[in-house]
There are 2 protein chains.
Amino acid sequence: MASRSYGQYCGVTTAVEQIGERWALLIIRDLLVGPRRYTDLKQGLPKIPTNILSTRLKELQEAGVVRRVPVMHCGLVYELTAYGRELEPIVLALGRWGFQTMGDPDPEDVVTADSLTMALRTAFRPDAASDADYELHVGDVALRVQVEAAALTVTQLSPPAPPVGGRLPGGEPQLVFAATPGIRHVISGELAPQDAVDADVLQVVSGAPSLLDDFARSFHIDAPSHRQVRAS
Amino acid sequence: MASRSYGQYCGVTTAVEQIGERWALLIIRDLLVGPRRYTDLKQGLPKIPTNILSTRLKELQEAGVVRRVPVMHCGLVYELTAYGRELEPIVLALGRWGFQTMGDPDPEDVVTADSLTMALRTAFRPDAASDADYELHVGDVALRVQVEAAALTVTQLSPPAPPVGGRLPGGEPQLVFAATPGIRHVISGELAPQDAVDADVLQVVSGAPSLLDDFARSFHIDAPSHRQVRAS
DNA sequence: CCGGATCCGAATCGATACTG
DNA sequence: CAGTATCGATTCGGATCCGG
C-alpha cells in the first residue's frame with residue numbers, strides 16, 4: 001500500500017491520501033447529510049461497485065473519518081466522526097466551485113436526495129435568506145426545505161429518510177414546486193424565476209409563485225465572471 | 001471516458017471529476033505557488049510518472065483549471081486560470097485538515113519547496129501574526145518568509161524560483177533557522193519553541209531565538225481536540 | 001432485504017526507456 | 001526541455017454469489 005503513497009510530507013498530501021481515492025468524497029458528501037446504511041449509500045451512489053464501496057468504507061474508518069455504528073433495531077450505520085465532519089466546509093466549497101462549470105446533465109445522470117440536499121446547502125446564503133417553507137421536487141426526489149432565522153433545514157420526503165434533528169417537519173409548506181436540472185440557471189442568477197416558469201424549468205404546484213423569488217435569493221451561486229472556455 | 005463518470009448531476013461530483021484524479025490536486029497545489037514549467041512540476045512531484053503528469057496537465061487544461069503559456073525566453077509554463085485559482089482556499093483548508101493527522105514522515109518522504117510554501121500558507125494566521133523576516137531551512141529547501149502587515153510573502157531561495165511578485169527580498173532576515181519535520185509539533189502548539197530547540201527539532205543559525213515565539217504564533221494549526229484514533 | 005465477499009475483464013497507474 | 005511509448009502491476013467496474 002506504500003506504493004500508493006505520494007512520497008511527500010505535507011498536509012495536502014496527507015489529506016489526499018485519506019480522502020482522494022475514487023468515490024471517497026462522494027461517500028463523505030452523502031454522510032454529511034446524516035448517518036447512512038450500506039444499502040443507503042449504494043442507492044445514493046448508483047454507479048459505485050459494491051466492492052469499492054466496502055473498500056472505501058474500510059479505508060475511511062482506518063483514516064478516522066468514518067465510524068461504523070450498530071443500531072438497536074436491526075442493522076448498522078456509517079457516520080462521520082468529528083474529524084470527518086470537519087470536511088463539511090470543504091465539500092460545500094468544492095460543490096460551489098464545481099457548480100460553476102456544470103453543463104447540462106448527461107441522459108444517464110441522476111439526481112439523488114443526498115446530492116440535492118448538499119447542493120441546497122452549498123447554494124444557501126444565510127445572510128440573504130428569508131424565512132420560508134418550501135417543498136421541492138426534482139425527478140423522484142422530494143425535499144422539504146425550511147429556512148428559519150437564517151438557518152436551513154432540509155428533510156427528505158421521498159425517498160424517506162429520518163430527519164437529522166429527529167423531528168418531522170410540521171405544517172404545510174408555503175410553496176410546492178418542481179424543478180428540472182435547468183434550475184441551476186436560476187441558482188446562478190442567469191434566469192429569473194418567472195422566466196424559468198415560462199420555460200418550464202420550474203413548475204409551481206401550489207402556493208404563491210412570488211415565493212420563488214425568495215427562493216432564488218436564498219439559494220444562489222454566482223456565475224463565474226471569468227467566462228469559462230471549455231472545449232467540447 | 002464516460003465510463004469514468006460518476007453518473008450524478010451535482011456540483012461536488014463535477015468538481016471531483018475535474019480535479020479528483022490521482023495527482024491532480026498536488027499539481028494544483030504547486031501551481032498555486034506560481035507558474036511552473038513541466039520540469040519544475042516533475043521535480044516538485046518526484047514520484048509522479050511523466051505520462052501521468054502530461055495526462056493530468058491536459059485534463060486540467062480541458063477543465064479550464066490550467067493554462068499553458070509560452071514564455072519569451074525559451075520554454076513554456078503552466079499556470080492556473082482564474083477558475084483554478086479559486087481552489088486556493090479549498091486546498092489550504094484541505095492542507096489544514098490533513099495536517100492534523102500527519103504522523104512522522106516515512107523515510108522516503110520528501111519536503112519540497114512548493115509543498116513547504118503551501119504548508120506555511122495553510123498555517124499562517126493573519127490575525128495573530130507579527131511582522132518579521134525569517135529564513136527557514138528544511139532539508140535542502142530554503143525559504144525566505146516575510147510577514148508584514150498581516151500579509152505573508154514566501155520566496156524560494158533554494159532551489160531558486162522567481163518570486164511571484166517579481167521582486168527579490170531585500171535586506172537580511174532577522175532570524176535564520178533550520179527545522180526538522182518535527183516542527184509540526186511546534187505548529188500544532190504541542191511543543192514550545194524553546195523545547196523544540198532543546199530537542200534539536202529547531203536550530204537557530206542566526207538571530208534572536210525569541211523570534212521563534214513570534215513564528216509559532218504567526219504559524220499555527222490547532223491540534224485536533226477529538227484525539228484521533230488510528231489503527232497502525 | 002441487509003451487508004458485504006468473490007471473481008474476472010477492462011481501464012488506469014507506475015516505472016522505465018526513448019525521442020524531437 | 002517537454003514530453004511519448006511501452007509494458008507489467010494495480011485498481012476499477014460489473015456481475016454474481018453468499019451468509020444472516
Next on the checklist: Under a 4.0 Å threshold between the charged nitrogen and the carboxylate oxygen, would Arg85(B) count as salt-bridged to Glu88(B)?
Outcome noted: no

Checklist entry - Under 4.0 Å between a Lys/Arg side-chain N and an Asp/Glu carboxylate O for Asp109(A) and Lys47(A)? => result no

Next on the checklist: Using a 4.0 Å heavy-atom cut-off, does Glu21(A) contact any base of the nucleic acid, only the sugar-phosphate backbone, or nothing at all?
Outcome noted: sugar-phosphate

Checklist entry - Across the strands shown, which category fits Leu76(A) at heavy-atom distances under 4.0 angstrom: base, sugar-phosphate, nothing? => result sugar-phosphate

Atom [atom1] of [X] to atom [atom2] of [N]: distance rounded to whole Å?
X        : N       : atom1 : atom2 : answer
Ile52(A) : dA15(D) : CD1   : P     : 14 Å
Leu45(B) : dA15(C) : CG    : P     : 13 Å
Lys42(B) : dA15(C) : NZ    : P     : 14 Å
Asn51(B) : dT10(D) : CG    : P     : 16 Å
Gln43(B) : dA2(D)  : CD    : C1'   : 13 Å
Asp40(A) : dC2(C)  : CG    : C1'   : 10 Å
Glu59(A) : dG4(C)  : CD    : C1'   : 15 Å
Arg68(B) : dA2(D)  : CZ    : C1'   : 8 Å

Item to check | Nearest-nucleotide 5' precedence on DNA chain D, Arg56(A) against Gly75(B) | outcome: Gly75(B)

So, is [X] near the phosphate of [N], with a side-chain N or O under 4.0 Å from OP1 or OP2?
X        : N       : value
Tyr78(B) : dG3(D)  : yes
Lys47(A) : dA15(D) : no
Arg37(A) : dC1(C)  : no
Trp23(B) : dG14(C) : yes
Thr50(B) : dG3(D)  : no
Lys58(B) : dA2(D)  : no
Arg22(B) : dT11(D) : no

Checklist entry - Taking only residues two or more places apart in sequence or in another chain, which ones pass salt bridge (charged side-chain N to carboxylate O under 4.0 Å, His left out) with Glu148(A)? => result none

Next on the checklist: Cation-pi check for Tyr6(B) against Arg22(A): NZ or CZ below 6.0 Å from the six-membered ring centre and within 45 degrees of the axis, yes or no?
Outcome noted: yes

Next on the checklist: Applying salt bridge (Lys or Arg N to Asp or Glu O under 4.0 Å) to Arg96(B) and Asp222(B), what does each step give before you reach the verdict?
Outcome noted: CA-CA 9 Å; Arg96(B) 264 188 296 277; Asp222(B) 279 317; over 6 Å; no

Next on the checklist: Working note: Arg68(B) + Glu79(B), criterion salt bridge (Lys or Arg N to Asp or Glu O under 4.0 Å); need CA distance, chi angles, decisive distance, verdict.
Outcome noted: CA-CA 7 Å; Arg68(B) 202 175 194 262; Glu79(B) 67 178 20; over 6 Å; no

Checklist entry - With Asp40(A), which of Arg37(A), Arg36(A), Lys42(A) fulfils salt bridge (Lys or Arg N to Asp or Glu O under 4.0 Å)? => result Arg37(A)

Next on the checklist: Would you say Gln8(A) and Arg29(B) are linked by a side-chain donor-acceptor pair, where the criterion is simply a distance under 3.5 Å?
Outcome noted: yes

Checklist outcome for this item: One should report the stems of DNA chain D, each a stretch of at least three consecutive Watson-Crick or G-U pairs at distances under 3.5 Å, as C:1-20 with D:1-20

